[in-house]
Amino acid sequence: MKKILVIQNKRIGDVLIASVIAQNIKKVFPKSQVDYLVYDYTADVIRHNPAIDNIIEINEKELKKADNLIQLALKIRKDKYDIIFDPYAKLQSRVICLLSKTPTRIGFKKREKKPPLNFYTHNIPLLKKKSKSCGKAIEDRVNMVKSVFDLMEDQIDYEPKIVLTKKEKNYNKVDLYKPCIMLGVLGSTPQKTMPYDFIVEIINFITNTYNLNIIFNYAPHQKDEALIIYNQCENKDKIIIDIYEDSVSGLIKLLNQCQLLVGNEGGVVHIAKALNRPTFTIFSPYVNKDHWATFEDGKIHQSIHLLEEKPNLYDSFTVEERRKIEKDPHELYKKLTPDMIIPKLKSFLEMNL
């Protein structure tokens with residue numbers, strides 16, 4: 001039996017997308033043990049995935065301490081894994097790979113030059129462009145498996161999955177007497193959040209046009225910002241502000257009761273897709289849509305990106321200007337106006353409500 005570890009110390013969406021590694025390596029080694037090393041607050045998105053045997057939950061702040069990082073690496077060495085996948089591929093996870101002495105260590109080769117140390121036995125280059133509707137991020141992670149092991153194309157599973165227990169399916173906080181949609185009012189980071197006045201205009205369009213209720217989604221630390229947006233909205237009677245879940249597990253159960261999701265690009269979008277809920281995603285100008293727009297078909301999953309609305313706008317930017325945009329995309333975000341978003345959103349809602 002092979003013992004396999006996947007290291008994905010990042011945010012919720014990254015962990016969920018990385019679950020395709022387990023789903024595909026299990027096709028190569030059906031009797032293997034597949035463990036995932038993730039930050040504790042992200043674990044619920046892979047909690048019941050049948051391809052994942054154990055979840056090693058770690059605290060993000062604690063792991064940033066050098067002593068704790070070394071101790072974890074030595075524990076992993078003691079556990080004697082046969083294979084490690086490192087889609088995270090940052091210094092923290094590379095150190096774990098190096099010290100683990102695991103015979104097969106697979107990670108992304110992010111630069112052309114050779115790494116200073118042999119972190120990995122297999123350096124897999126990132127794909128140059130996407131070729132499937134699942135998006136480049138998922139293709140890259142599947143490619144980590146099939147570049148090293150015999151995985152036939154007709155065996156490949158490109159779809160991250162969230163599995164709910166019977167109790168989770170019976171969650172009933174939402175009154176379903178009228179359609180209820182979830183609105184991701186804030187992105188996972190400030191760089192992924194559109195201007196508040198634009199968000200308010202979009203909410204007003206939805207509540208003025210459709211007979212439905214809206215549930216706000218935001219992180220616990222974003223409550224004050226969410227209330228600022230709520231207080232500017234019309235039709236507050238259509239916004240359910242008192243139903244909220246402050247855990248990923250709770251968010252999954254709540255979203256499963258909603259008809260669809262509209263919101264800024266982030267982990268909640270990937271959760272909705274894994275729950276088979278239609279999504280309309282508003283991308284931050286700095287995010288590469290080809291990487292993170294998964295399973296878009298122009299019907300059930302749709303999105304909007306400034307690059308598609310104003311492609312010539314990006315041509316004039318220097319490399320230095322692009323870096324500044326990534327650090328602070330707000331000025332560019334102002335060019336993705338509600339009058340661009342609302343017609344596409346209207347088409348999406350009428351197709352999926």
Side-chain angles (χ1 to χ4, degrees), residues 10-16 39-45 60 162 168 171 173-175 179-207 210 212-275 277-287 292 303-304 328-330 333-334 336 338 341 345 348-349:
K10 214 174 179 185
R11 294 191 178 91
I12 294 164
D14 303 277
V15 172
L16 182 54
Y39 290 141
D40 46 17
Y41 68 90
T42 69
D44 285 328
V45 293
E60 183 175 3
I162 290 178
E168 288 170 333
Y171 173 99
K173 273 193 180 180
V174 183
D175 187 343
C180 189
I181 71 171
M182 184 172 284
L183 189 76
V185 289
L186 297 159
S188 55
T189 64
Q191 291 92 336
K192 291 185 177 182
T193 300
M194 66 190 308
Y196 289 3
D197 55 331
F198 287 7
I199 299 169
V200 170
E201 191 171 338
I202 289 168
I203 294 169
N204 290 342
F205 159 73
I206 294 172
T207 57
Y210 302 99
L212 49 71
N213 286 327
I214 290 177
I215 292 178
F216 279 9
N217 169 248
Y218 51 88
H221 68 274
Q222 297 173 321
K223 183 176 181 179
D224 290 343
E225 286 82 2
L227 287 173
I228 290 171
I229 293 168
Y230 171 77
N231 288 328
Q232 295 179 54
C233 290
E234 303 169 3
N235 306 311
K236 291 184 178 62
D237 58 313
K238 290 187 175 182
I239 301 171
I240 305 174
I241 199 68
D242 55 345
I243 294 181
Y244 179 73
E245 293 288 352
D246 60 3
S247 68
V248 174
S249 175
L251 168 62
I252 291 169
K253 292 183 288 186
L254 181 57
L255 182 50
N256 192 53
Q257 293 294 310
C258 296
Q259 195 162 339
L260 54 82
L261 171 82
V262 175
N264 293 276
E265 186 271 332
V268 68
V269 173
H270 299 292
I271 291 174
K273 291 176 179 179
L275 291 170
R277 293 293 178 269
T279 61
F280 185 88
T281 309
I282 301 165
F283 276 89
S284 173
Y286 85 90
V287 174
W292 301 104
S303 69
I304 187 166
D328 184 9
H330 291 99
Y333 231 143
K334 290 177 183 177
L336 185 60
I341 298 169
L345 176 60
F348 166 79
L349 291 172

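Numbering starts at 1 and runs along the sequence shown. Worth saying up front: this structure is predicted, and the values here are computed from it rather than measured.
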inquiry  = With a 4.5 Å cut-off on side-chain heavy atoms, are Tyr41 and Arg11 touching?
reply    = yes
inquiry  = Are Leu16 and Ile271 packed together at the side-chain level, in the sense that at least one heavy-atom pair is separated by less than 4.5 angstrom?
reply    = yes
ask   = Under 3.5 Å, is there a donor-acceptor pair between the side chain of Gln257 and the main chain of Tyr171?
value = yes
inquiry  = Looking at Asn204 and Glu234, would you say the former's side chain and the latter's main chain have a donor-acceptor pair under 3.5 Å?
reply    = yes
query = Looking only at heavy atoms, which two atoms of Tyr244 and Pro220 are closest? And how far apart?
reply = OH-N, 3.0 Å
inquiry  = Considering only residues two or more places apart or on different chains, which pairs with a residue in residues 262-271 satisfy side-chain hydrogen bond (donor to acceptor under 3.5 Å, both in side chains)?
reply    = Lys192-Glu265, Asn264-Tyr333
query = Is Ile181 close to Cys258 at the side-chain level, that is, under 4.5 Å between some pair of heavy atoms?
reply = no
message = Can you list everything that forms a ring-ring contact (aromatic ring centres under 6.0 Å, His included) with Tyr39? Sequence neighbours excluded, please.
response = none
query = Of the non-hydrogen atoms in Ala274 and Ile162, which two are nearest, and what is the gap between them?
reply = CB-CG1, 3.7 Å
inquiry  = Donor-acceptor check, side chain of Gln232 to backbone of Ile229, threshold 3.5 angstrom: yes or no?
reply    = no
query = Which pair of heavy atoms, one from Thr279 and one from Ala272, lies closest together, and at what distance?
reply = CG2-CB, 3.5 Å
note = Thr193 and Val185 have their tightest heavy-atom pair at CG2-O, 4.3 Å
inquiry  = Taking Asn213's backbone N and O only, do any of them form a donor-acceptor pair with Lys238's side chain (distance below 3.5 Å, no angle check)?
reply    = no
query = Taking the six-membered ring for Trp, are Phe216 and Tyr230 parallel (under 30°), tilted (30 to 60°) or perpendicular (over 60°)?
reply = perpendicular
message = Once rounded to the nearest 0.5 Å, what's the spacing between atom CD1 of Ile240 and atom CG of Leu183?
response = 12.5 Å
message = Less than 4.5 Å apart, side chain to side chain, heavy atoms only: is that true for Leu227 and Ile241?
response = yes
request  = Drop me the distance from Ile206's CD1 to Glu201's CD, to the nearest 0.5 angstrom.
outcome  = 11.5 Å
query = When rounded to the nearest 0.5 angstrom, what is the spacing between CD1 in Ile215 and CE in Met182?
reply = 5.5 Å
message = As an exercise, state the distance from CZ of Phe205 to CD1 of Ile341, rounded to the nearest 0.5 Å.
response = 11.5 Å
key: Considering all heavy atoms, the nearest Tyr196-Glu225 contact   = OH-CG, 3.0 Å
ask   = Within a strict 4.5 Å, meaning less than it, do heavy atoms of the Cys180 and Leu212 side chains meet?
value = no
query = Yes or no on side-chain contact (heavy atoms from CB on, under 4.5 Å) for Trp292 and Asp14, after CA distance, side-chain angles and deciding distance?
reply = CA-CA 10 Å; Trp292 301 104; Asp14 303 277; 3.5 Å; yes
ask   = Do the side chains of Leu261 and Val269 get nearer than 4.5 Å, heavy atoms only?
value = yes
ask   = Between Ile12 and Leu251, is any pair of side-chain heavy atoms under 4.5 Å apart?
value = no
ask   = How far apart are the closest heavy atoms of Ile282 and Met194, and which atoms are they?
value = CD1-SD, 3.8 Å
message = Nearest 0.5 angstrom please: Ile214 CD1 to Cys233 SG, how far?
response = 7.5 Å
ask   = Can you tell me how far the CD atom of Glu168 sits from the OG atom of Ser249, to the nearest 0.5 Å?
value = 5.0 Å
Within-4.5 Å side-chain heavy-atom neighbours: Pro278 and Gln259 = no
request  = Would you sort out whether Phe280 and Leu260 count as a side-chain contact (heavy atoms from CB on, under 4.5 Å), showing the intermediate values?
outcome  = CA-CA 8 Å; Phe280 185 88; Leu260 54 82; over 6 Å; no
key: Atom NZ of Lys223: over 12 foreign heavy atoms under 6.0 Å   = no
